[in-house]
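Structure record follows, encoded as structure tokens.
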Amino acid sequence: MKQYIVASNWKMHKDIQEANIFVLNILKNLLNQKKTKVILCPPFTALFNIHEIIKNTPIGLGGQNMHYEAKGAFTGEISGEMLLAAGCQYVILGHSERRHVFGESDDFIRDKVRKALTVGLKPIICVGEKLEQRQAGQTLEVVRRQCDSALSVVGEHEIQRCVIAYEPVWAIGTGVVATPEQASEAHVMIRKLLAAKYGQAIADSISILYGGSVKSSNAATLIRAQDIDGFLIGGASLVEDEFVRIAEIVDEYLKQKES
Ligand code: PEP
């Protein structure tokens, strides 16, 4: 069964104390969203204490990045094994800021996806085109290339542990959200690509999230668009009421769909 997911990406925001207070303040509300999988991805320093707060709940915990090596002389890096030990089940890989600010290549991201699966983490694999690529009509080609690369190391028995996040770079942190049609076009293509590689039944069970300026004011429309199975949220996930409201919107949509 495909899970609808609302995942936060706090980026480099909130110290340990701020993270504790934030999670304690919204915990009850998040736990009321019974049909939606909520995943929190705080900075590394806050992972363990958030794990202590949510460990007996269905709320997931994820790192925002990892290296593919287990240990070694990689100053500033963190391994999948370390994320697991801190209580993570998920890891965001290939986020546009990693690709375009820190210069991570498709190959590097592919190797991290492989390692995440090997250690037992669920990768949230981010893909998405830059503005100039969209303007040049290359959106689907870029997204396909990024997916093909990351999925080249994912076997049929592993793909159901992966989440894909389509995040157009021009929509991340800009306040410019993709239209439901723009998002769906990419999501439909990703689903087709998954179906061609793993079969339709498996493709239908994979969560494909949209990310890029999602807010409570646009979430209800986006969640109804074809092949959008939830959100990866940056800015709005740092605001208690906003994040809770988005999770409620997805949960309300799922309840409506079932009734
Ligand atoms: C993100 O960082 O993954 C993201 C989608 O950010 P924002 O929601 O702020 O656009």
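Both ligands and their constituent atoms are indexed starting at 1 by order of listing.
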Query raised in the report: Do the side chain of Glu248 and the main chain of Gln33 share a donor and acceptor less than 3.5 angstrom apart?
Result: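 It does not hold such a pair.
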
Report task. Using atom types as modelled and distance alone, determine if a side-chain donor or acceptor of Gln3 lies under 3.5 Å from a backbone N or O of Lys37. Result ->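 No: the side chain of Gln3 does not pair with the backbone of Lys37.
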
Requested in this report: Mind telling me whether Tyr4 and Tyr253 have parallel, tilted or perpendicular rings, with 30° and 60° as the class edges?
Outcome: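 The rings of Tyr253 and Tyr4 sit tilted, inter-plane angle from 30° to 60°.
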
Report task. Give me the ring orientation class for Tyr210 and Tyr166: parallel if the planes are under 30° apart, tilted from 30 to 60°, perpendicular past 60°. Result -> tilted

Query raised in the report: N/O of Glu97 under 3.5 Å from N/O of ligand 1, yes or no?
Result: no

Which residue and atom name correspond to the protein heavy atom nearest [atom], and how close is it?
atom: atom 5 (C) of ligand 1; result: Glu167 OE2, 3.1 Å
atom: atom 1 (C) of ligand 1; result: His95 NE2, 3.2 Å
atom: atom 9 (O) of ligand 1; result: Gly235 N, 2.8 Å

Query raised in the report: Picking from Lys112, Arg99, Arg144, what satisfies salt bridge (Lys or Arg N to Asp or Glu O under 4.0 Å) with Asp106?
Result: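 So the option named by the test is Arg99.
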
**Report entry** Side chains of Ser216 and Glu242, donor plus acceptor under 3.5 Å
**Finding:** yes

Can you name the atoms of ligand 1, numbered from 1 with element, that are less than 4.0 Å from a heavy atom of [X]?
X: Ala171; value: 10 (O)
X: Ser213; value: 7 (P), 8 (O), 10 (O)
X: Gly212; value: 5 (C), 10 (O)
X: Asn9; value: 1 (C), 2 (O), 3 (O)
X: Gly173; value: 7 (P), 9 (O), 10 (O)

Query - Pair Lys35 + Glu258, salt bridge at N-O below 4.0 Å - result: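 Answer for the salt bridge query: yes.
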
Query raised in the report: With a 4.0 Å cut-off, would you call Arg145 and Glu129 a salt bridge?
Result: no

Query - Shortest heavy-atom approach to atom 7 (P) of ligand 1 - which of Ala236, Gly128, Gly234 - result: Gly234

Report task. Look at ligand 1 and say whether Lys11 reaches it with a heavy atom at a distance under 4.0 Å. Result ->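 So Lys11 counts as touching ligand 1.
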
Query - Within-shell test, Cys126 vs ligand 1, heavy atom, strictly < 4.0 Å - result: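 Per 4.0 Å heavy-atom rule, Cys126 does not contact ligand 1.
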
